[in-house]
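The first residue in the sequence is number 1, and the count goes up from there. We use all heavy atoms of the structure for the numbers below, so side chains are in, but hydrogens, waters and symmetry mates are not.
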Amino acid sequence: MNIREIQLHESPPMDLLLMADPSQKLVAAYLEGGDCYVLEEKDQIIGVYVLIPTRTGTVELINIAVAETAQGKGIGKLLVMDALKRARRDGFKIIEIGTGNSSIGQLALYQKCGFRITAIDRDFFIRHYDTPIYENGIWCRDMIRLSQVL
Ligand code: COA
């Protein structure tokens, strides 16, 4: 398995990116301002994440996704750990990530990778998305913000 930055001439894996964020508009904006990394297995892209600088010394990990057929095998964790390594290497001091209050598995994954909850952006998903989002039987309303020192 190989994790690499996507090249300018390549199309980003929109199907995967939209799994992490259903808003085409927001995904396009993230791609514009960030660097997109993909994980390939046998020439197939099965994982993706984007790193986007937000403030001096701070970078945000967004749009992390693993193809459905490849989930639950440690690839998500591998991508998060790779993002931490790259962000540290690129000189960032803090890495942040945000996820929905209903994203139970994601909250577990990020905390297992060293992130701690720092803030809650209440009603974020109501303000930014036209249709209500439900996951695990929970209405996704609030953005849970997590971070860690690199
Ligand atoms: N309770 C406790 N731990 C849980 C859990 C739960 N409900 N759900 C997941 N985990 C843990 C797993 O046990 C694993 O930890 P371990 O290695 O200690 O066992 C870890 O979280 C993640 O497992 P992993 O196999 O590395 O994740 P994955 O390859 O399935 O990828 C996502 C995780 C989130 C990237 C993947 O599910 C995905 O693409 N989801 C759709 C897109 C998305 O929601 N992206 C995030 C937007 S914020």
Next item on the list: Mind listing the closest non-hydrogen atom pair of Cys113 and Gln148 along with its distance?
Entry: O-NE2, 2.8 Å
Notebook entry, point to check: With clusters built from Ile, Leu, Val, Met, Phe, Trp and Tyr whose side-chain heavy atoms come within less than 4.5 Å, directly or transitively, what are the remaining members of the cluster of Ile126, listed by chain and number?
Noted result: Tyr134, Trp139
Item checked: Pairs flagged by side chain to side chain donor-acceptor pair (under 3.5 Å) wherever residues 19-31 is involved - sequence neighbours left out -> Asp21-Tyr129
Note to self: Please find the pair of heavy atoms, one from Ser11 and one from Ile6, that lie closest to each other, and give the distance.
What the structure shows: O-CD1, 3.6 Å
Note to self: Working to the nearest 0.5 angstrom, can you tell me the gap between Ile97 CD1 and Gln111 CD?
What the structure shows: 11.0 Å
Margin query: Could you measure the distance from the CG atom of Asp142 to the CZ atom of Phe125? Nearest 0.5 Å is fine.
Written below: 8.5 Å
Notebook entry, point to check: Quick one: side chain to side chain donor-acceptor pair (under 3.5 Å) partners of Ser147, sequence neighbours excluded?
Noted result: none
Margin query: Using every non-hydrogen atom in the two residues, find where Gly100 and Cys140 come nearest and quote the distance to one decimal.
Written below: CA-SG, 3.7 Å
Margin query: Can you list everything that forms a ring pair (Phe, Tyr, Trp, His ring centres under 6.0 Å) with Tyr110? Sequence neighbours excluded, please.
Written below: none
Margin query: How long is the straight-line distance from CG of Asn63 back to CG of Leu51, given to the nearest 0.5 Å?
Written below: 11.0 Å
Check: In terms of hydrophobic clustering (I, L, V, M, F, W, Y; side-chain heavy atoms under 4.5 Å; direct or indirect links), are Ile138 and Met19 co-clustered?
Finding: no
Next item on the list: Kindly compute the distance separating CD1 (Ile144) from OG1 (Thr118), expressed to the nearest 0.5 Å.
Entry: 10.0 Å
Margin query: Could you see if Met143 belongs to whatever hydrophobic cluster contains Leu61? Use Ile, Leu, Val, Met, Phe, Trp, Tyr and a side-chain cutoff under 4.5 Å.
Written below: no
Next item on the list: Compare all side-chain heavy atoms of Leu26 with those of Ile62 and state whether any distance is below 4.5 angstrom.
Entry: no
Notebook entry, point to check: Under the salt bridge (charged side-chain N to carboxylate O under 4.0 Å, His left out) rule, what pairs show up with a residue in residues 82-94, not counting sequence neighbours?
Noted result: Asp82-Lys85, Asp82-Arg86
Check: Between Glu135 and Ser102, what is the shortest heavy-atom contact and its length?
Finding: OE1-OG, 2.7 Å
Show me, pair by pair, the donor-acceptor contacts under 3.5 angstrom made by side chains of residues 31-46, not counting sequence neighbours?
unit_1 : atom_1 : unit_2 : atom_2 : d
Glu40  : OE1    : Arg4   : NE     : 3.1
Glu40  : OE2    : Arg4   : NH2    : 3.0

Notebook entry, point to check: Which residues satisfy the side chain to side chain contact (heavy atoms under 4.5 Å, CB included) test with Asp130, sequence neighbours excluded?
Noted result: none
Margin query: Applying a strict under-4.5 Å side-chain criterion to I, L, V, M, F, W and Y, I'd like to know whether Leu109 and Met1 cluster together.
Written below: yes
Next item on the list: To the nearest 0.5 Å, tell me how far Leu146 CG sits from Ile95 CD1.
Entry: 11.5 Å
Next item on the list: Return each pair, listed once, that meets salt bridge (charged side-chain N to carboxylate O under 4.0 Å, His left out) where at least one residue sits in residues 47-60; pairs must be two or more places apart or across chains.
Entry: Arg55-Glu96, Glu60-Arg145
Next item on the list: Look up atom CD1 in Ile117 and atom CG in Leu107, then write down how far apart they are to the nearest 0.5 Å.
Entry: 6.0 Å
Item checked: Steps toward side chain to side chain contact (heavy atoms under 4.5 Å, CB included) verdict (Ile120, Asn101) -> CA-CA 9 Å; Ile120 298 171; Asn101 59 282; over 6 Å; no
Next item on the list: Please list all pairs passing the salt bridge (charged side-chain N to carboxylate O under 4.0 Å, His left out) test where one or both residues lie in residues 118-129, with sequence neighbours left out.
Entry: Asp121-Arg127
Notebook entry, point to check: Which pair of heavy atoms, one from Leu150 and one from Ala87, lies closest together, and at what distance?
Noted result: CD1-CB, 3.7 Å
Margin query: Just to verify, what does Phe92 make a ring pair (Phe, Tyr, Trp, His ring centres under 6.0 Å) with, not counting sequence neighbours?
Written below: none
Check: Would a hydrophobic clustering, with Ile, Leu, Val, Met, Phe, Trp and Tyr connected at side-chain separations under 4.5 Å, put Val48 with Leu84?
Finding: no
Item checked: Hphob cluster co-occupancy, Ile133 + Ile104, side-chain heavy atoms under 4.5 angstrom -> no
Notebook entry, point to check: Mind checking what makes ring pair (Phe, Tyr, Trp, His ring centres under 6.0 Å) contact with Phe124, not counting sequence neighbours?
Noted result: His128
Contacts table for residues 71-80: side-chain donor-acceptor under 3.5 angstrom, sequence neighbours left out:
unit_1 : atom_1 : unit_2 : atom_2 : d
Gln71  : NE2    : Val66  : O      : 2.9
Lys73  : NZ     : Thr69  : O      : 3.4

